[in-house]
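Remarks on the structure that follows.
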Amino acid sequence: MAVEVIVMFVILFGLLAGGLWIGLTLGVTGTILLAIFRDIPLYRLVSQYSWNILTTQELLALPLFILMGELLFRTNLSRSLFTGLAPWAGLLPGRLIHVNVIGCTIFAAISGSSAATTQVVGRIALTELLKRGYSRDIAVGSLAGAGTLGFLIPPSNILIIYGVLADVSIIKLFTAGLIPGLLLAGCFMGWVMIHTTLRRDLVPESERALRNLSWGERFASLKDLWPALFLIACVLGSMYGGIATPSEAAAVGVLGAAIVALAQRSLTWEAARQIAIGSVVTCSMIALILLGASILGSAAAFLGIPAKVAAFVQGLGLTSFQLMLALVVFYLVLGCFLDGFSMIVMTLPIVLPIVKMAGFDPIWFGVFIVLVVEMAQITPPVGFNLFVIQGITGDSLSYLAKVTLPYLLIMIIFTMTLVVFPQIVMFLPNFLAG
Amino acid sequence: MVPHTDLNAGAPSGIRWFLAGIDRLGRLDGWVGALCLLALTCLMLAEVIARAASNFFGIGPGVVPNAWEYSSYLMAAAFTFGAAMTLRGGGHIRVTLLVGNAGPVFKRILEVTSSALGCAAMSYLTVAMVMFTWSSYARGQVSISSGTIVWPPMALVTFGMALLALQFLARTIRAALDLPLEDPSMRASNPVE
Amino acid sequence: QAANWDLSTVWPDGNFHTINAKKFADEVKAATGGAVNITVKAGGQLGFKGPEHLRAVRDGLVPIADVLNIQQIGDEPILGAEGIPFLVGSVDELRIYHKHIRPVFERVVQNNNQKNLYIVPWPTQYLHLKVKADSLAGLAGQKVRCPDRGAQDMVNALGMTGVVIPWGETIPALASGAVQGVSTSAVSGVDGKFWEFLKYVYPTNHVWSCQMVNVNMDAWNKLPANHRASIEAVAKKLEPEFWATSVKADTDSLARLKQGGMEVVDIPAPMMADMRRRTASMVQDYIKRVPAAKGPIEAYLAEVKRS
Ligand code: NA
Ligand code: NA
């Protein structure tokens, strides 16, 4: 392979391993590459790139969704999701374990973040499930698995970033994620039912009593879901009701979250301080990585690296199924060590051209990317959902990874199913586009 | 609020003041970043409300002039302004596999070199941004979507980057002196993604 | 020794400007015996956005680029001279206008350390709307998406409300009815599948713009004289063909919009006159802001007998 590619990987991995921050690693690698192989006034280039990426209007929804997530984290949404869903989940084999999955699915429709989903749902649900005597393995594992839905079910921070980097319509990506998201949630619930039916001891016998609740009680409990439904209405309602564009809808979501927080009287000064710091820190963290990624991506394009790698991969003569299987393995390995954002921004300039050449739609590939990022959330040693659960339960990472494994396998199988049946992803965006 | 101990206590007094000053700047900066976030939320909301009022009730101008453009400047400011505080809180992501498992001496070497490299990279970018902003100012460059002069937001972003470079410098010094590198009080209390 | 130039453009591979640029690259390669190799890097992959291409070529960040002139007004206001509402009403008028304005463009470009090789216009601009009206009163208050302030001022002057939002937000905003129209070419209308949301195309021909393929002077001067001459010859030969592709792109796209169910409105003469009247002052405003445009605009107006 070309000398540029080798130099790029050497610098990249050298700096990463040395502990340089990921955003800086990307930017420095790109700058060094251009310094070696091109005669360009670099200081002009990097300043222009930095300004471009930081002011990209398509990114505006991201800080808004982050702010919204921070606000919701301070509300009582966790408890009301649990009390609203529990009477209904009690009808299914596996009982309240399903609160994890359904709660994550609902919260995923509000939040763009996977860790926030895990956190908000898990905070109350996990403690409650363990208190009631459910098996720790399944309570923790199902939460880790279902929490990843935060990225797949729109809105999704990962899809926004992918849309900006791959230059595809974010709204189309959002619609593309919906059906796979719901299907994956269904798969998780299916597994919970099978698992708990096979192993009766996972659910305490006493929980059968949940089936005997009256329908009146069940319907009465639905009122607890109002904050969640109100927020979904804020975001989706303003978007489809002819009031807001998709990015502006995120601002309506922030307003909605603030209203919920105020209504629940949870917006203290101390909370406001935490929200401010939390949002700014998260924004800065992502921005630094995006900045570096845009420098590296452009440098790679200057040097024609994506085309060279693509030509190499094409030379291997893989079928599209083999190519995707190889990519899943590649991202699984990468995902053990990197977070989702870094993974996307580092690989996309090279992987996307290959994938396009193999005949895959970039919208479809956005969903694929989200799925592998979700897998990365639950693989050790670097897996944010695992960290979140660790923060709640104090379990060891290896234990968490072990009990999450079935859900990881489900996601791998699910992803390969999408490779074979891409219409599962493309149906809704194509249908809406006529 | 819990009063926290002085993390720079181990440094010689001159350097200690320098480190404390940078920390204070970073914290202040974070608050400015938060204000930018708040302002951009309000601007976007105002645009939504103006449009809704016009579409459904036929009142008002229907738009907030330049809402999107100015929001993007506020976003850029928010993105860079919190960067120094984020570094101090340990919020920027890195691969810690090697650093985390290294012995104390090797670990210190790694921390010093990576921080110094970070300082060099951010200083380079800051100088580049200063020249970029200056040339925009000197040429009287305006935005095409509203004719607004663009050097003021560029200057804000440049300032945020300069502070990050300074914070990297402080971190290099801390690593060399074996002081605590991260200040948990500048950290978000929940995970980042 | 061969010169390898990356040509930066923000338009994707399938866009006719990009196809033209690739053809230009091929012919340059042939004409210089492989000594000048232009690689078209489409879709903005080199990381430059439209409004900074003039600067990127000027500073040598990229040796050659396809520069959209009206996007450079932040640096050189004169490059927006085709964007004055209703000054130019057809491609034929644009040809006449170019006789007078093009030397000015070329000079400005030269001052920015670059040389213009060829210029190709974008197809004419339409108002794509939800409602049908035979007077401007019938369109009052309609929210119309505009790419920049110039277009917004014009739309506002016509009694509608110009909304400046990113292109990516426009389609969903149209779908939900948050905005009710777009000021753009038929080509972009097809890209956005406008027939799904909008019904009527108003052939207003209100503003124009051109893509200029400019090469950095330092890169240019490094070439031997015979290669420079052959590149200029290629550009001169291809330019009329490229103009034809622009006209064809307009015709094809308009046909596609109609096929999708949109109706091309036959704008009544009084309504058109009203549009011109309401925006008439914008010519003088522009000349006041950009005095260099005065001579060419007056010469053009004299030639089309509208002065
Ligand atoms: Na989501
Ligand atoms: Na992982």
Side-chain angles (χ1 to χ4, degrees), chain A residues 16-24 27-28 43-44 46-48 50-51 54-57 59-60 63-64 67 73 113-116 119 157 238 242-244 247-248 251-252 254-255 274 276-285 287-289 337-342 377 381 384 387-388 391, chain B residues 1 30-31 33-34 37-38 40-41 44-45 47-48 51-52 55-56 68-69 71-73 75-76 78-83 85-87 89 91-99 110-111 113-114 117-118 121-122 124-125 127-129 131-132 153-154 157 161 186-193:
Chain A
L16 272 187
L20 188 64
W21 289 261
I22 287 179
L24 293 179
V28 168
Y43 63 98
R44 288 202 170 117
V46 292
S47 52
Q48 183 72 63
S50 305
W51 178 247
L54 294 174
T55 55
T56 300
Q57 295 190 354
L59 271 178
L60 268 172
L64 293 170
L67 183 54
F73 180 67
S113 141
S114 183
Q119 175 86 13
N157 292 354
S238 62
I243 296 172
S247 301
E248 292 164 358
V252 181
V254 174
L255 181 66
Q274 294 278 344
I277 292 184
S279 316
V280 169
V281 163
T282 308
C283 282
S284 306
M285 181 277 283
L288 187 65
I289 294 177
F337 305 99
L338 291 179
D339 68 294
F341 290 116
S342 316
Q377 297 282 110
F384 278 93
F387 294 162
V388 170
Chain B
M1 235 183 293
W31 284 108
L37 264 183
L38 184 66
L40 99 81
T41 309
M44 291 303 257
L45 270 179
E47 170 91 340
V48 173
R51 191 177 309 124
N55 277 358
F56 295 105
W68 275 79
E69 187 192 336
S71 293
S72 74
Y73 298 150
M75 174 175 72
F79 275 166
T80 41
F81 262 50
M85 181 177 76
T86 306
L87 178 65
H92 286 301
I93 295 185
R94 63 202 290 223
V95 178
T96 50
L97 212 58
L98 197 54
V99 180
L110 277 178
E111 285 291 5
T113 44
S114 61
L117 192 54
M122 283 315 299
Y124 179 78
L125 187 56
V127 172
M129 281 302 294
M131 285 151 85
F132 182 69
M154 285 175 179
V157 167
M161 287 180 175
M186 285 194 183
R187 187 176 297 165
S189 60
N190 72 329
V192 286
E193 275 183 53

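Because only heavy atoms are used, hydrogens play no part in the values below, and waters and symmetry mates are left out as well, while side chains stay in. Every value quoted in this text rests on a predicted model; they were computed, and no experiment measured them. Quick note on labels: first sequence line is chain A, next is B, and so on, each numbered from 1.
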Query - Partners passing salt bridge (charged side-chain N to carboxylate O under 4.0 Å, His left out) against E69(B) (at least two apart in sequence or in another chain) - result: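 For E69(B) there are no salt bridge (charged side-chain N to carboxylate O under 4.0 Å, His left out) partners, ignoring immediate neighbours.
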Report task. Please name all residues satisfying side chain to side chain donor-acceptor pair (under 3.5 Å) with S247(A), sequence neighbours left out, ordered by chain then number. Result ->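 Only E169(C) meet the side chain to side chain donor-acceptor pair (under 3.5 Å) criterion with S247(A).
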Query - Backbone N/O of V281(A) and side chain of H92(B): donor-acceptor pair under 3.5 Å - result: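 The answer is no, because no donor-acceptor pair under 3.5 Å joins these two groups.
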Requested in this report: Measure from the side-chain N and O atoms of R51(B) to the backbone N and O of I243(A), and report whether any donor-acceptor pair falls under 3.5 Å.
Outcome: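 Yes, R51(B) side chain to I243(A) backbone: donor-acceptor pair under 3.5 Å.
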Chain B contact via [X] - side chain, backbone, both or neither, heavy atoms under 4.5 Å:
| X | answer |
| --- | --- |
| S238(A) | neither |
| V254(A) | side chain |
| L20(A) | both |

Query - Close side-chain approach of L54(A) and V157(B), heavy atoms under 4.5 Å - result: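 Heavy-atom side-chain distance check passes, below 4.5 Å.
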**Report entry** Top contributor to chain B contacts, counting heavy-atom pairs under 4.5 Å, from V28(A), L67(A), L64(A)
**Finding:**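 Among V28(A), L67(A), L64(A), the one with the most close pairs to chain B is L64(A).
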Query raised in the report: Looking at L60(A), T55(A), L288(A), which one has more heavy-atom pairs under 4.5 Å with chain B than the rest?
Result: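 Maximum pair count with chain B is reached by L60(A).
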For chain A, which of [options] has the most heavy-atom pairs under 4.5 Å?
| options | value |
| --- | --- |
| L125(B), V127(B), L40(B), L38(B) | L125(B) |
| L87(B), L45(B), L117(B) | L45(B) |
| A34(B), S71(B), A128(B) | A128(B) |
| L110(B), T113(B), N55(B) | L110(B) |
| A121(B), P153(B), A78(B) | P153(B) |

Report task. Look at the aromatic rings of W51(A) and Y73(B) and report parallel, tilted or perpendicular, splitting at 30° and 60°. Result ->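 Parallel, since the angle between the ring planes stays under 30°.
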Report task. Determine the minimum heavy-atom distance between A276(A) and W31(B), stating which atoms define it. Result ->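 For A276(A) and W31(B), the tightest heavy-atom pair comes out as CB-CZ3, 3.7 Å.
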Query - Shortest non-hydrogen contact between M129(B) and M154(B), atoms and distance - result: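 So the two residues come closest at CE-O, 4.3 Å.
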Report task. Below 4.5 Å from any heavy atom of chain A, which atoms of M131(B) appear? Answer side chain, backbone, both or neither. Result ->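 The side chain, not the backbone.
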